[in-house]
There are 2 protein chains.
Amino acid sequence: MEETDRKILALLAQDGRMSFTDLGRATGLSTSAVHQRVKRLEQRRVIKGYGATVDYEQLGQPLTAFISIRPIDPSQPDDSPERLRGIGEIESCWSVAGEESYILKVRTATPAELENLLARVRAAANVSTRTTIVLTTFYENRTVS
Amino acid sequence: MEETDRKILALLAQDGRMSFTDLGRATGLSTSAVHQRVKRLEQRRVIKGYGATVDYEQLGQPLTAFISIRPIDPSQPDDSPERLRGIGEIESCWSVAGEESYILKVRTATPAELENLLARVRAAANVSTRTTIVLTTFYENRTVS
DNA sequence: TATGAAAGGTACTGATT
DNA sequence: AATCAGTACCTTTCATA
């Protein structure tokens with residue numbers, strides 16, 4: 001991975017709809033050279049995809065929370081991610097080192113819905129949960145240097 | 001916010017480069033009607049922006065961690081987000097209810113860089129830290145139903 | 001891996017209902 | 001809030017270096 005590709009990635013991370021023409025202007029390459037590089041980055045899955053960033057507050061899901069989970073029965077095989085996959089409120093799922101096994105990031109409309117979601121998570125994966133409610137999102141998914 | 005707009009948002013969240021023509025086909029609207037709706041969603045900041053999702057493992061930042069922080073001197077005014085804004089490794093910053101004040105999500109190349117980053121976070125915001133290292137990212141920033 | 005040209009598709013605007 | 005038509009721009013491919 002070299003400098004031109006990194007520059008293209010940084011630009012596309014910030015504006016995923018930027019045109020190849022503009023990317024070319026910004027990198028000093030022709031439109032088709034940039035086109036070729038972006039397609040290659042997509043094929044290699046360095047670019048995993050493109051998405052619109054949506055305001056969940058305006059969409060009626062203002063409540064964000066982190067749910068840390070640990071298995072109730074550690075002797076059982078742990079396939080929590082598969083068991084939880086069907087729960088639509090879960091935005092992200094990481095396994096982690098530390099006291100808990102997984103961290104989930106979830107969005108709900110109300111505290112009542114979060115409560116209901118917690119019950120579904122516990123039941124689906126046979127886990128205990130520890131919930132941390134987000135008060136303010138200062139920034140999210142910023143491009144890392 | 002009504003059904004057609006929600007459908008457009010769901011489609012754009014999944015594929016931020018989808019053309020207005022295809023959005024029209026998917027919603028049963030004309031190209032210009034979709035165009036009008038998307039522009040309005042952008043103006044109202046329901047759509048906050050568009051971004052390429054990048055594979056940080058392939059980009060040489062394979063280590064992801066959560067850093068929970070709490071102020072060392074609670075009598076001081078807490079402006080941690082501003083103090084931390086310049087640290088490029090911080091991808092997300094939330095204030096939270098619970099034992100800690102903030103949660104940061106960070107990306108680094110190596111454990112040594114994470115250690116260095118932790119020192120910078122502590123010094124910049126005068127906080128103590130608790131770090132949870134991510135082992136596997138099962139999914140991230142999935143579209144929430 | 002780069003360029004430039006050509007073809008077809010898309011974005012955006014304005015007129016209209 | 002929708003459609004249609006028109007123009008300018010963009011994406012994509014191909015021949016070429």
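Per chain, numbering begins at 1; letters A, B, ... match sequence-line order. All figures in this text were calculated on a predicted structure; none of them were measured in a lab.
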Mind calculating the distance between [atom1] ([X]) and [atom2] ([N]) to the nearest angstrom?
| X | N | atom1 | atom2 | answer |
| --- | --- | --- | --- | --- |
| A:Arg37 | D:dT12 | CZ | P | 18 Å |
| B:His35 | D:dC9 | NE2 | P | 15 Å |
| A:Gln36 | D:dA15 | CD | P | 14 Å |
| B:Arg17 | D:dT12 | CZ | C1' | 12 Å |

Does a salt bridge link [X] with [Y], judged by any charged N lying under 4.0 Å from a carboxylate O?
| X | Y | value |
| --- | --- | --- |
| A:Arg44 | B:Asp55 | no |
| A:Glu57 | B:Lys48 | no |
| B:Arg130 | B:Glu99 | no |
| A:Lys105 | A:Glu140 | yes |

Q: Find out if a path of hydrophobic residues (ILVMFWY) with successive side-chain heavy-atom gaps under 4.5 Å connects A:Leu59 to A:Val106.
A: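 Shared cluster, no.
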Q) When the ring planes of A:Trp94 and B:Phe66 are compared, do they come out parallel, tilted or perpendicular, using 30° and 60° as the limits? A)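 Taking B:Phe66 first and then A:Trp94, their aromatic rings stand perpendicular (interplane angle over 60°).
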Q | Residue met sooner reading DNA chain C from 5', once A:Arg40 and B:Asp22 are mapped to nucleotides | A |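 Comparing both residues, the 5'-ward one is A:Arg40.
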Q | Result of checking A:Glu115, A:Glu89, A:Glu113 against A:Arg120 for salt bridge (Lys or Arg N to Asp or Glu O under 4.0 Å) | A |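 Among the candidates, only A:Glu89 passes.
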Q) Can you tell me if B:Ser92 uses its side chain to pair, donor with acceptor, with the backbone of A:Asn141 under 3.5 Å? A)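 Judged by distance alone, yes, a pair lies under 3.5 Å.
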Q. Which nucleotide of DNA chain C is the first, and which the last, in the 5' to 3' direction, to come under 4.0 Å of a heavy atom belonging to chain A?
A.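 So the contact region on DNA chain C extends C:dT1 to C:dA11.
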Q) Listed in order of residue number, which residues of residues 23-32 of chain A have a non-hydrogen atom at under 4.0 Å from DNA chain C? A)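 A:Leu29, A:Ser30, A:Ser32, in order of number.
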